[in-house]
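Step one of this worksheet: look at the structure below.
These numbers were taken from a predicted model, which means no experiment stands behind them. Whatever order the structure lists them in is the order used to number ligands and atoms, beginning at 1.
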Amino acid sequence: MVKKKRRLNIGIFDSGFGGLDIARSIVKKLPQYNYVYLGDTARAPYGHRSQEMIHAFTRQAVRFLFQHECGIVITACNTASSEALRKIQQEYAKKHGTKKKILGVLIPAAEEAIRGTDSGRIGVIATTATVASNAFVRELTKLDPSVHVFQKACPLLVPLVEAGKQDTQETRAVLKKYLHPLLRRNIDTLILGCTHYGILEKSIRNIIGSDIKIISEAKVVPKKLEKYLKKHSDLERTLGRQSSIRFYSTGQIDTFKYLGSRLFGKALRVEKAVLR
Ligand code: DGL
């Protein structure tokens, strides 16, 4: 019997920098594996783009990561997970059967929210595209048809975080404007349905008070990935264990290094990626 070599990477894709927050938590929880992170910063943000475009960009990104020896790809971007993931999973399943594993971030967040809610009133904040896709509503009601889901698109938050303004008066005012309609709906659980919002968790907590549960993907996804790898031991056995991480960006390398190191928590070496 030919033994499978342990050499494959875990690929993490985001439209830009926000996924680095999730990547950091994954690497912290599972430091033994090798990672390749790809940020499509040249074309970010995805949050206001059409479904066709998000699908085309995500497909290119997933292909790039599989070409870079990834045994599993995580689309850490909510917008990509909402608008493109299912279609891409189906496309890959048709071509490769169950060999190519592509996971998203929506289902882990939805499962955690369902587990956490008492009243069944769940709020979701996300990009315009994610909200328009209704993907969170679909996943949450699939898990429990009796829940009520209230969504709020927050298009101003990603630009504010990327401008480094997460702790400013301006951002707190914008957050209040977005969160108050959800508070009026008496939600008991709030899903941060966008990569960048984890960075705003403290400010969000200050506005919504201590009674509402916050579901943050940076906390949920690493736990779910660990479980997934335990369950899929065949795949897990193919993963390399040199604790390495490579970063790729389609955009300005210097900007990625600067903003990325703030989100990832240490200096990054970044290579240029070309997606087609
Ligand atoms: N990564 C995106 C998400 O999680 C936010 C940034 C964007 O709009 O591309 O939805």
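A cation-pi arrangement is present between R43 and F57 under the rule of less than 6.0 angstrom and at most 45 degrees off the ring axis.
Near ligand 1, heavy-atom contacts under 4.0 Å come from D14, S15, P45, Y46, G47, C77, N78, T79, T127, V158, C194, T195, H196.
Ring geometry for F64 versus Y248: interplanar angle over 60°, hence perpendicular rather than tilted (30 to 60°). Using a 30° and 60° split on the angle between ring planes, H232 and Y228 fall in the parallel class, below 30°.
Using a 4.0 Å cut-off between charged nitrogen and carboxylate oxygen, K29 and E226 count as a salt-bridge pair. The pair K213-D118 counts as a salt bridge, with a side-chain nitrogen and a carboxylate oxygen less than 4.0 angstrom apart.
Here the side chain of D14 pairs a donor or acceptor atom with the backbone of G16 at under 3.5 angstrom.
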